[in-house]
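Read through the structure below, which is laid out as structure tokens, and then see the notes.
Values below: every heavy atom of this structure, side chains too, minus hydrogens, waters and symmetry copies. The chains referred to below are lettered A, B, ... by the order of the sequence lines, with proteins before strands, and numbering in each begins at 1.
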Number of protein chains: 2
Amino acid sequence: MASAVKIPRPRRIPVQVANGSRFDRRLAEILEHATEVFCEKGYAGASMRDLSRSSGMSLAGMYYYFESKERLLYLIQKHTFTTIVERLRERLEGVSHPEHRIRVFILNHLQYFLTNQKAMKVLSHEDDALKNGFGAEIATMKREYYRICRQLMDEFKQARNLDFSSRMAVLSLFGMMNWIYTWYNPRVDADVAELARQMGDILLDGICSRPKGKRKSHN
Amino acid sequence: MASAVKIPRPRRIPVQVANGSRFDRRLAEILEHATEVFCEKGYAGASMRDLSRSSGMSLAGMYYYFESKERLLYLIQKHTFTTIVERLRERLEGVSHPEHRIRVFILNHLQYFLTNQKAMKVLSHEDDALKNGFGAEIATMKREYYRICRQLMDEFKQARNLDFSSRMAVLSLFGMMNWIYTWYNPRVDADVAELARQMGDILLDGICSRPKGKRKSHN
DNA sequence: TTATAATTCGAACGAACGTTCGAATAAGCA
DNA sequence: TGCTTATTCGAACGTTCGTTCGAATTATAA
């Protein structure tokens, strides 16, 4: 028998093996806890030791599930984004009225934002923490999400024969919605549906009151 | 002659001695460069070595001007806030028409935001990086700024006999305005004055279309 | 010039960082 | 039961972190 020769282990092949495997479930748990910590301390401010403590796993053990802290953030952001876009597509399916479609968009965004407040804060707050490859993919998803909203806005504009900057309207809407994590307090503020309605009102009435070719004077 | 006895130096008394002294000017320079670095890397992500490199001063030399990295962030945020509120007060002085007063607020905010984009990003992005004492003071200034805007909104509401949530209106407005640092591109987007006008239109028309006691139906 | 105060810096401190390694344990299947 | 693979971990790695110290340098005023 030959003396024991060290065979190099094939490390870290998995990353996403089966669907709902033990590995996947544990990884999902870690992502959930990590999201909370990233939300509280920010990406750079959260140490791997913080993250391991929060999910009750040893520091070294974490690296069995992902190869770096950056990759962990990437996994969180990707999962968050994928989910929100997926839900949006489902909800838009049966709705054809342009105004309703925008209202569906707003409701979906706010609903997801408020039930996954931590994840969304991480997503909107740490959007430039990822370098090169990772960052580019997330940025693409973000652009796609913007594109969807922009298209809804254009359809609305055309249907009503209105004249306003879709870009401004979409970006203002995102601003209103994404800022919510800084102030929302369930004991003071209305529920999601009412909030979505109010923001929809502000936006839609705001852009509606300037019909094509006319300019309201402000004196 | 007595042997040389070390007299403990009175370290770090200054912090803000005279107005426009050499010390103050150099400190202002450091703050300016540090703002840029904080903006790019975030508070936690920017190291004291990054900060010292950016202002061309040695690492140790920085500590002559402030006693900790946290205090440096505090100085930046305080200066930014003080300036923006100061300018706002000046500009509101001669204006009495409620709608105009809100438009002045928006213009002032956006103007300061776009000319001091970096500082404002640091201000809105790192608002929970400061601990306890420092954080509390900045939070107070923020509340005061919110209060001013809220009051303008209430006056407008009363003057026009409207019915809407001032809180929602103010926070939506802040959202629209503060989100701007994520998208503004001077080569694509309108100038500040036009931008302020458009955001003012969206907000004011949006909240105006629901007169007291009435509810527009959305079908 | 000389004495004093203001400013700057190289070098180092201990602590915390992200990551790695090989051994130890648990799970799954024969 | 044993064998194999999947999972977990303590201990350590080299680096970088924020901060400090005392000495060196520069400005100020006599």
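Taking atom CZ of residue A:Phe23 and atom P of nucleotide C:dA27, one finds them 17 Å apart after rounding to whole Å. A:Arg26 places its CZ atom 11 Å from the P atom of D:dT7, with the value rounded to the nearest Å. Between A:Glu70 atom CD and C:dC17 atom C1' there is a gap of 16 Å when expressed in whole angstrom units. Taking atom CE of residue A:Met57 and atom C1' of nucleotide D:dA6, one finds them 12 Å apart after rounding to whole Å. At whole-Å resolution of the value, OH in B:Tyr63 and P in C:dC13 are 17 Å apart. Atom CE in B:Met62 sits about 13 Å away from atom C1' in D:dT19, given to the nearest Å. Rounded to whole angstrom, the span from the CZ atom of B:Arg53 across to the C1' atom of C:dC9 amounts to 16 Å. The interatomic distance linking B:Phe66 (CZ) with D:dT20 (C1') rounds to 14 Å, in whole Å.
Residues passing the ring pair (Phe, Tyr, Trp, His ring centres under 6.0 Å) test with A:Tyr146: none are found, sequence neighbours excluded. For A:Lys69, the salt bridge (charged side-chain N to carboxylate O under 4.0 Å, His left out) test picks out no residue, with sequence neighbours left out. Under the rule for a ring pair (Phe, Tyr, Trp, His ring centres under 6.0 Å), A:Tyr112 has no partner lying at least two apart in sequence or in another chain. For B:Phe156, there are no ring pair (Phe, Tyr, Trp, His ring centres under 6.0 Å) partners, not counting sequence neighbours. Every residue meeting the ring pair (Phe, Tyr, Trp, His ring centres under 6.0 Å) condition with B:Tyr181, not counting sequence neighbours, appears here in chain and number order: B:His125.
Out of C:dT19, C:dC9, C:dA6, the shortest distance to the side chain of B:Tyr64 is found at C:dA6. The side chain of B:Tyr65 has C:dT7 as its nearest neighbour among C:dC9, D:dG10, C:dT7.
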Sequence neighbours left out, cut at 3.5 Å: what donor-acceptor pairs do the side chains of residues 85-94 of chain A make with other protein atoms?
| residue | atom | partner | partner atom | Å |
| --- | --- | --- | --- | --- |
| A:Arg89 | NH2 | A:Glu144 | OE2 | 3.0 |
| A:Arg91 | NH1 | A:Gln111 | OE1 | 3.0 |
| A:Arg91 | NH2 | A:Gln111 | OE1 | 2.4 |

Using residues 33-47 of chain A as the side-chain source, report each donor-acceptor pair under 3.5 Å to any protein atom, sequence neighbours left out, with the distance given to one decimal.
| residue | atom | partner | partner atom | Å |
| --- | --- | --- | --- | --- |
| A:His33 | ND1 | A:Glu29 | O | 3.1 |
| A:Thr35 | OG1 | A:Leu31 | O | 2.7 |
| A:Lys41 | NZ | A:Asp50 | OD2 | 3.4 |
| A:Tyr43 | OH | A:Glu70 | N | 3.2 |
| A:Ser47 | OG | A:Arg49 | N | 3.3 |
| A:Ser47 | OG | A:Asp50 | N | 3.0 |
| A:Ser47 | OG | A:Asp50 | OD2 | 3.2 |

**Request:** Before giving the answer on side chain to side chain donor-acceptor pair (under 3.5 Å), spell out for B:Glu137 and B:Tyr74 the whole-Å C-alpha distance, their side-chain angles and the decisive distance to 0.1 Å.
**Result:** CA-CA 9 Å; B:Glu137 190 179 334; B:Tyr74 163 79; 2.7 Å; yes
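Comparing B:Arg22 and B:Lys69 against DNA chain D, the residue whose closest nucleotide sits nearer the 5' end is B:Lys69.
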**Asked** So what is the 5' to 3' dot-bracket string for DNA chain C, if pairs are Watson-Crick or G-U wobble with both distances under 3.5 Å, crossing pairs use [ ] and | means the partner sits on another strand?
**Response** |||||||||||||||||||||||||||.|.
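Because its NZ or CZ atom is not both nearer than 6.0 Å to the ring centre of A:Phe81 and within 45° of the ring axis, A:Lys142 does not count as a cation-pi partner of that residue.
Taking a 4.0 Å limit (strictly below) on heavy-atom distances, residues 40-50 of chain A reaches DNA chain C at A:Ala46, A:Ser47, A:Met48, A:Arg49.
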